[in-house]
Amino acid sequence: MWNNVIIGLEIMGKGMAGIFVAILVIMLAVQILAKVTAGQKKEE
């Protein structure tokens, strides 16, 4: 029984780590795009 719990925790940890890495990648992409497009604002 405890073996299944350990396996489940390992899988859950990998999933949470994957989500964390994906969020970091998205945050970096947004910051890079914001810096690249900062000088291209439209004046209305």
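Source: prediction; values computed, not measured.
With sequence neighbours left out, Ile23 forms a side chain to side chain contact (heavy atoms under 4.5 Å, CB included) with Ile19, Met27. With sequence neighbours left out, the side chain to side chain contact (heavy atoms under 4.5 Å, CB included) criterion links Val5 to Trp2, Leu9. In this structure Ile7 satisfies the side chain to side chain contact (heavy atoms under 4.5 Å, CB included) test together with Asn3, Ile11, sequence neighbours excluded.
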